[in-house]
Amino acid sequence: MAAEDLPSEFDVVILGTGLAESVVAAACSRVGQRVLHLDRNSYYAANWASFTFNGLLTWIQQHHEESQPEEVQDWSSLLEEGEELIYLSYSDSTSISNLQVFCFTSEEDEGEEAQSPDPPNTTEEETAANGDEDAVKAASTDSTNEDPKDKIKEVTDGEGEGQQTADSEGVEPTADLPRPSAIQGQSEASRKKISYAQLVKEGRQFNIDLVSKLMFSRGSLVDLLIKSNVSRYAEFKNVTRILTYRHGNVEQVPCSRADVFASRQLSVVEKRKLMRFLTSCLEETEEQQAYNGRPYLEFLCDQQLGDNLEHFLLHSIAMVTEDTPTEVGLASTRHFLRCLGRYGNTPFLFPVYGLGEIPQCFCRMSAVFGGVYCLRHSVRCLLVDKDNRCKAVIDSRGQRISCSHFVVDSSYVATEQKKVTTPTRFLSRAILITDASILPSNSGQQVSMVTVPPIAAGFPVVMMVELCSSTMTCLPGTYLVHLTCQSVGSAFDDLSPVVTKMFHTPETDDQETRPSVLWCLYFNMADGLDVEVEGHNLPSNVYLCSGPDGHLGHDHAIRQAQLIFQKILPEEDFCPPAPNPEDVLYDGESLLPTGGGGGDNSGWGEKGEETKENPQTEE
Amino acid sequence: MGGAAGSSHSLTFPGPVTYQVVAERQEEEIWERKGGDKCNFCRIWSFGCRTGPQQTRPDQEPLTEAIRVQSKASGAGVSMAGGSVSECKEYLFKVLVIGELGVGKTSIIKRYVHQLFSQHYRATIGVDFALKVINWDSKTLVRLQLWDIAGQERFGNMTRVYYKEAVGAFVVFDVTRGSTFEAVSKWKHDLDSKVKLANGNPIPSVLLANKCDQKKESSNNTAQMDNFCKETGFLGWFETSAKDNINVDEAARFLVENILANDKGLPYEESNGDRIKLDQETVAAESKSGCC
């Protein structure tokens, strides 16, 4: 906590605490490299972060503010002979864009308002809704040519002018909410809306991810977590069901043997066909090979499975588009099937407390093995020698820190230094807080993966994840819904049609039975898939990590991290298991080191510690 | 618990806590101490007992506020403790040990868990947490996970991994370095902003004035410290010495007592039973024998 200076020499300096960077940090520290890990933000995980509700509001605020003009300082006094400078970007102004926020719930607690003489309870929701509708119209009628930042301001300003909608003035937690009346109010109405004030007050119960991904139970991230023992820092929930949106309804996709047989949507014939198809998929056959290069949909059609099964297989199991080649579609199908049953009835896991935990787990592992961590701290420029190698960096305090390797999140690197495919591709994201599940079930707490095929020609495929409160990502009584797709237009243009089709918003006032959207956020994020580790206009020992990519799994980031680690330390093992602290158990009666080699494994008996300090076994 | 500490001990610890250690260890005389024993350094005990002696016996169902006890460890632990505790309730508590660099966090943990003290300072490498198993009373087994901050997270930027689901904390400062005391409020504030109990209250925390063996003047600032604790929200404070084994045990006992009391007052959360630990499958598959 003290503002002491950093050590001035490291083996690896890593800038950015996203997933790939954090995995590299853990891997390097684990094998004894001296690692310095920095992030310009005050939080971990960069664009992989998760926030409390209030934290997210702050994040939104930050992205509204004009970024500080870059003050280029003269660091030439720190240069040694033959060195040159490469400046890094001061702030990340490009990876997030088109932020739009809507609040569709009343600002104050309804219980409280019920006590006031007017407005009467019945109209209150309506007026609130109307107010919001105006806001929505204001936003959506805005010409898209305008600066997105202005658009946001308009929306929030409109809300600020004494409307019933919420905005930043509600950010101050209102501690004086009359609790008893709120509870009373809840019992009155069967579907009581949670107010914005409540969202803010209970904001810390949210852990809202900027990215939305799931972990394939046999994917590279799960394998790495297990192999490295980083898994000890996290717990997971099964995704309990796969849903799909079809003919205006949300349907459950049968994806395990048990599901198939329990399914009420499928006929007996369909069940048999599906089982036969899935079984035959596992092996590669000549028949399948004959379809190589031709669309998977064509292959499915020729299997004469029928519309139902085609839809399930294409959109929900293979999760590919209609023109995906057969071999790719089959590979995805196999991957899906392989992942079934390892932990549950779907192939997916989701981390308790959100995906933002995962980079932090790797950071913790790095710190435990000596990695030095500093947030709100950046690197201003690189010092490059004649051989085009980065010898040192200058940090945001003007300190020269020497290093042998430099790993950096691509958002810190100026565009002219990067070789990226143009135009930059973006992901469209929407985050909704709703008051009910998209498909209510008896067991209540469901974690659902929902595939939404294009709602019309020209629209993207949307991946939707609905999280319940037992994932510790949202307030009990609410659901957190993440929508993601490849951008065609802005996030609002791409995703709001899906939201209005599937949820109850002021625009769809007649659809009371659907879950109501209480609050939602749209934004675009640069697609990390376009950034390569190497091949940029950068020194040879500088490696680029991309931000989050649009795939459902984490393979891209893990592969990147592994590649970078192998470049830095080609001889070393990637993330060998960390010793388990519980391998040495001490209790009141006796000392029983059960880990091999006495105390050395315990972690407490550090390497090189005098042997007389090792715990002795006493029976 | 001040002067009345002795008697409140007997109320609070119906089954004296035993901390017996390996016979060969030199420190053993100090450590073979029953719970009712009063050590000479308990003049500072006084503050923490604002709430009065706790009559509660932590013999109810373990609440989910405690981290879910991992099944692989539990069975063996109980049987080992010897016959009489077959119906023992087990708790697993995550306790944080925080404070500035070099105040002796690691030494305190080593002293408490391993009965070791090493003179030469070493930054903490490769260590997540240490586990101390306490036979609290005849019906209660407490597994205390003491989480050290990795020495290198010294700029105060701890990951959430470190804080999450902690149920208690020690904030440590070095009595010989005033600056480490000044940082205490920052650490406490950071702690309270990062982790809360399920009911929204701050987690119980205890302030440790470590290296009291090196204290130069014997000025009595007890009242000041008591006030400071009251203002900053500590349950109490202890002068400790990991080197001379002063009060480390007492402080831990005091904190655990409060954690157990908290545990009773809180409503059940819904079960965390369907949470998945990723190593479970591999543990089962490789039949990696559990502890002991």
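Just so it is clear: chains get the letters A, B, ... in the order the sequence lines come, proteins before strands, and each one is counted from 1. Every heavy atom of this structure was used, including side-chain atoms; hydrogens, water molecules and symmetry mates were not.
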>> What I'd like to find out is whether the side chain of B/Lys164 reaches to under 4.5 Å of the side chain of A/Met472, using heavy atoms alone.
In response: no
> Residues two or more places apart in sequence or in another chain: which of them pass salt bridge (charged side-chain N to carboxylate O under 4.0 Å, His left out) with A/Arg232?
Replying inline: B/Asp128
> Which bit of A/Asn207 comes within less than 4.5 Å of chain B, counting heavy atoms only: side chain, backbone, both or neither?
Replying inline: side chain
> Tell me, side chain or backbone of A/Leu225 under 4.5 Å from chain B's heavy atoms, or both, or neither?
Replying inline: side chain
>> Which atoms of A/Asp39 are under 4.5 Å from chain B, going by heavy atoms: the side chain, the backbone, both sets, or neither?
In response: neither
> Looking at CG of A/Leu349 and CZ of B/Arg275, how far apart are the two atoms once the value is rounded to the nearest 0.5 Å?
Replying inline: 14.0 Å
> Looking at CE of B/Met158 and OH of A/Tyr44, how far apart are the two atoms once the value is rounded to the nearest 0.5 Å?
Replying inline: 8.5 Å
> Got a donor-acceptor contact below 3.5 angstrom from the A/Gln360 side chain to the B/Thr159 backbone?
Replying inline: no
>> Could you report the tightest heavy-atom contact between B/Arg160 and A/Ser50, atom names first, then the distance?
In response: NH2-OG, 3.4 Å
> Of the backbone (N, CA, C, O) and the side chain (C-beta and beyond), which part of A/Tyr353 lies under 4.5 Å from a heavy atom of chain B, both, or neither?
Replying inline: both
>> With heavy-atom distances below 4.5 Å as the criterion, would you say the side chains of A/Val222 and B/Leu278 are in contact?
In response: yes
>> Side chains of A/Gln445 and B/Asp274, heavy atoms from C-beta outward: is any pair under 4.5 Å?
In response: no
>> Which residues pass the salt bridge (charged side-chain N to carboxylate O under 4.0 Å, His left out) test with A/Arg338, not counting sequence neighbours?
In response: none
